[in-house]
Amino acid sequence: MRTMAGDCSYSPPSFPPFGRAHCVRSGVRTLLTLLLALLFTGSALIASAQLPGNKPKEFEPVIPDFSAPSADWWTGWPDASAEQRKQWLEALDKAWQEWREKLPDDEELQKRAKSVSQGIKGVEATWKKHQEFQKVSVLPDVTFPENPDVLAWAKADAAISRGRQRLTSLQLEARQLDETLNQSLSQLRKQVLLLREAGDEAEKEAAALALLLAQINHLNIIEQLQSLEEFLSGWQEQIGLAESQLQQMLDALQYSEKAAKALEKDIQEQSDKIERIGSTRASIQGTPEQSTDPDKNMQRDLTLMQLEVDLLEGYLKKHKAELLQSINRVLDEGQEDQALVVSRDLLLTARNIIDDTSRELNIRQRQISAWQGEEGEDLSRWWRYFERINSGLGRANDLIEDIERYEAAQLQVYKERQGWWATVRERASYMAGQAYRRWRQLADFQLFTIGQEPITLRDIAKIIFVMVCAWLISGFTRRFLNRLVRKKHASESSMYNLGRVLHYSIIAIAILVALSMLGLDTSKLAIVAGALSVGIGFGLQAIFSNFISGLILLFEQPLRVGDLVELESGVFGRIRDINVRSTRITTRDNIDILVPNTEFVAGRVINHTLDDPVRRIHIPFGVAYDSDPDLVREAAMAAAERVGITHTDWKRKTEVWLMEFGDSALNFKLVVWIDSNMISPLGDPYALYNLELLHEFREKGIEVPFPQRDVHLRSWDATLPISRRAQE
C-alpha cells in the first residue's frame, strides 16, 4: 500500500516500532521545512517593505566650489558605498574639467590644476590596484594532504610563514598610511587657514587650488587605507584558517621512511657545507695579513663576515632538519622513547652573532661612506657585499623563528605520543642539563688574576665551600667537647682551651688550602712569613705579642674561664673568654673589660681560684672600750656562720682577733675562710659580713663607737678681767 509523506495511519504489521519512528521523523522534517519557508518569506517582506508615502533617499554627490572650496565638503566620502564613491568621483571629475577650462592662462595656476587632475586620477588608480590585489592570494602554494608526513607539514608551515610575512608587511603599510592620514588632516587645516588669510584674487585662487589638491589627496589616502584594511581582514581570516588546518595536520602526522632518508641526506649535506665553510674561513683567518692596502683589508673582513653568516645559516638549517627528524622518529611506533632535540645554546649564540655582525656591518658601512666622501669613487661593489650579508642575516632570523616553531611542534607530538610523564621527565632532564651548562659557563668567567693565575667564580665557590666546611667541622668539634664537659668526662677549662686550639688550627689549614686553590705556591710562604716578621717587628709588635701571650695562656693554663682574678692594674672580676689577642673579664659592676694578654703574662695576676677556691679574708671592725671581748668574739663568730659563703673545716676555722687599742674603739678582725666559687659575680663578700656583724651587735647591745676626744683646759696664774658692756 502506498502512503503519502506525513501520513501516519499505517505501518507495516511485521515491524510496528520502525514504522512509528519513521513517521515521527517525517513529520518533524515537514514541520521544520514549513518554519524555514515562513522565516525566509517574512525576511523578504520586511526587507522590501517601505512606509507609506516615504521614498528611499537618493545619493547626491557634493561638488565643491573650486574657486573657494569649503573645508568639509568631502566628509561624507568615508561613509559612502563603493558605488556612490564611484558616482561622486565621476561627477567631481566632470565638474572639475568644466571649471578648469575657464581658468586663466597662468602658468602657476595651470600647474596646480594639473596636479588636481592627477590627484583625481590617483583615486581611480587606487581602485584599479585594489581590484588587482583581490586576485592575489596570501597562501598560493599551501596544501594540506590527508596522510601527511613531516616534510609535507614543514612545506605547509613554510608557506604559512611566508603568508605571515606578507601580512606583516601589509600591517606595517597600514600603520604608515594611518600616520599619513593624520598628517594629511593637519595639512588640510593649514591650507584652510591659508585660504582664509589670502589677500588678493590671485593669491586666493592659488590657495583654493592648493586646498582642493590636499582634499583630493586626502580622499586618495582614505581609499588606500580602506583597501588595505579590507585586505588585512581577509588575509588574517585565511591565515587563521590555514593555521588551524596546519594544527590538524600536525595531529595527523604519520611516520615516513622516505622522509627519514631525505632528512638524513639533508643533515649530511648541511654538515658537509659547514665543514667546507669552516675550513675556508679558518684558512683565510690563518693567513697573515701582509698588505697595508685598506681596500684589500676591507674585502678580507667582509669576506670573513659573509662566511660567518653562511656558517651560521648552515648550523641553523641543520638543526631545523634535526628537529624534523626527531618528530619523525617519535611517530615511529617501533622505536623506543626518543629524546627531545633542543638547543637553546645554538639560538642564543645565533642571536649574539646576528647582533654583533649587524653592529660590525654598520661600522663598515660608515667607513665606506667616509671613503666615498674623501675620494669620490664609485663604491657600489661594497654595497653588494652589504646586501648579501644583510640578506644572510635576514634568513638567519627567519630560521630562528622556524626552529622555535619546530621545537614547539616537537614537544606537542612528543607529549601526544610518549605521554605526559615521559614529557615531564624529558623536560626536567633537559632543564637540569641547561642549568648545569649555564653554571659551568658562569663559573668559568674570569674575575681577576693573582700572580698571572686567573681567578674565576668556580675558584671563589671552592674557597667558600672549604671555609664553610672548616667552620662546620670546628663547630661540631666544640659541640663534642662541650658534650664531654656536660657528661663530666673532662674539665671545662681543658676542653675550652682544646676547642680554641682546634678552632684556630682548622681555620689555618682551611686558609692554606684556599691559598693553594688560588694557585699560590705554599712553599713560598716562608718568604711571606719573613716579610710578615719584619712587619711584626715594626708595626705589629703589640698585636703579635698579645697573640703569643694568648697561646701561652691557652697551653700553660695559668688562667681558666670562670677564675676570679685581680690584676696589677686594679681590675677585679671573673674570666669569661680567653681569646688569642685578649681576655674578657666581667667585674662586679657587670662591666666587660678586654684585657690584653700581655698583661697576664708580663704583669702580676692574683688568681683567687687557681688551685683551691677557698681563701681567707679579713674584715676589720671596732667596738666600744666598755664592751666585753668574749661577747664581741661570740657575736662575730655567730655573724660569720650566717653568711652562706663561709667555709669551715678542721684546718680552716673562723677566728676573731683583737688587733689594737684604737683612739675611740677596740679594733678587731674577723678572719674567715670563704669559697670564691660561691661568690656572686656582682656581689662583695665584705658587704655581706659587715651587714651580719651590724645585726649581731645590735642584738647583743654591743656599741660601735664613733671617734671621741677629751678636751683639757689649762689654768693661768693671772686672772683676766671680765666686764660686761653696759646695756644701752
Side-chain angles (χ1 to χ4, degrees), residues 492-493 559-576 584-593 595 604-712:
E492 181 180 0
S493 60
L559 303 173
R560 291 167 295 185
V561 175
D563 285 355
L564 186 64
V565 296
E566 183 177 356
L567 303 182
E568 190 175 2
S569 59
V571 177
F572 182 85
R574 288 194 181 274
I575 296 177
R576 295 304 179 193
R584 182 165 66 99
I585 296 178
T586 302
T587 64
R588 292 172 177 172
D589 297 329
N590 200 25
I591 298 175
D592 290 334
I593 300 177
V595 181
R604 186 182 65 184
V605 181
I606 300 175
N607 191 343
H608 295 281
T609 57
L610 178 61
D611 292 329
D612 189 355
V614 178
R615 62 186 177 91
R616 189 168 67 175
I617 61 174
H618 301 254
I619 299 96
F621 63 91
V623 297
Y625 269 93
D626 57 354
S627 301
D628 184 1
D630 294 331
L631 182 62
V632 171
R633 181 177 179 278
E634 180 182 351
M637 296 288 287
E641 290 179 358
R642 287 203 297 268
V643 178
I645 61 176
T646 302
H647 177 83
T648 57
D649 55 19
W650 66 278
K651 290 175 61 177
R652 302 182 178 104
K653 296 181 180 180
T654 304
E655 299 178 356
V656 179
W657 297 346
L658 176 60
M659 300 302 297
E660 61 180 355
F661 298 95
D663 295 337
S664 302
L666 296 174
N667 293 327
F668 287 85
K669 271 189 179 181
L670 175 61
V671 182
V672 62
W673 296 88
I674 63 174
D675 189 351
S676 298
N677 291 329
M678 297 178 64
I679 299 176
S680 172
L682 306 180
D684 190 345
Y686 291 91
L688 298 176
Y689 285 101
N690 287 330
L691 184 62
E692 295 297 333
L693 285 172
L694 181 61
H695 289 165
E696 190 67 25
F697 289 165
R698 285 181 177 178
E699 290 179 0
K700 297 185 182 298
I702 299 174
E703 181 183 358
V704 178
F706 50 87
Q708 299 179 5
R709 294 288 187 270
D710 291 336
V711 181
H712 299 277

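One distance of note links CG of Leu694 with CZ of Phe621; it measures 12.0 Å at 0.5 Å rounding. Leu564 contributes atom CG, which lies 6.0 Å from atom CZ of Arg615 (distance to the nearest 0.5 angstrom). Atoms CG and CD1, on Leu567 and Ile593 in that order, are 8.5 Å from each other to the nearest 0.5 Å. Note that NZ of Lys669 and CD of Glu655 are 12.5 Å apart. Values are rounded to the nearest 0.5 Å. Distance check, rounded to the nearest 0.5 Å: CG of Leu631 to CZ of Phe697 gives 9.0 Å. Atom CD1 of Ile617 and atom CD1 of Ile645 lie 6.0 Å apart (nearest 0.5 Å).
Side-chain contact between Leu666 and Tyr625: present, with at least one pair of heavy atoms (C-beta onward) separated by less than 4.5 Å. Taking 4.5 Å as the limit, some side-chain heavy atom of Trp657 sits within range of a side-chain heavy atom of His618. Side-chain contact between Arg616 and Val671: present, with at least one pair of heavy atoms (C-beta onward) separated by less than 4.5 Å.
For Arg584, the CZ atom is densely surrounded, since the number of other residues' heavy atoms within 6.0 Å is greater than 12. No more than 12 heavy atoms of other residues, nucleotides or ligands shown are found within 6.0 angstrom of NZ on Lys653.
The two residues Val656 and Ala636 make their nearest non-hydrogen contact at CG2-CB, 3.6 Å. Residues Val704 and Gly622 share a closest heavy-atom pair of CG1-O, 3.7 Å. Smallest separation of non-hydrogen atoms from Ile702 and Ser627: CG2-OG, 3.9 Å. Shown here for Ala635 and Lys700, the closest heavy-atom pair between the two residues is CB-CD, 3.5 Å. Across all their heavy atoms, His647 and Asp675 have their closest contact at CB-N, 4.4 Å. In plain terms, the two heavy atoms of Thr646 and Ala640 that are nearest each other are OG1-O, 2.7 Å.
With Val565 as the partner, the side-chain contact (heavy atoms from CB on, under 4.5 Å) test is satisfied by one option alone out of Val571, Ile575, Val595: Ile575.
Without hydrogens or angle criteria, Glu660 side chain to Asn667 main chain gives no donor-acceptor distance under 3.5 Å. Checked by atom type and distance alone, the side chain of Ser664 never pairs as donor or acceptor with a backbone atom of Pro705 at under 3.5 Å.
Salt-bridge annotation for Asp649 and Arg652: present, with a side-chain N of the basic residue lying under 4.0 Å from a carboxylate O of the acidic one.
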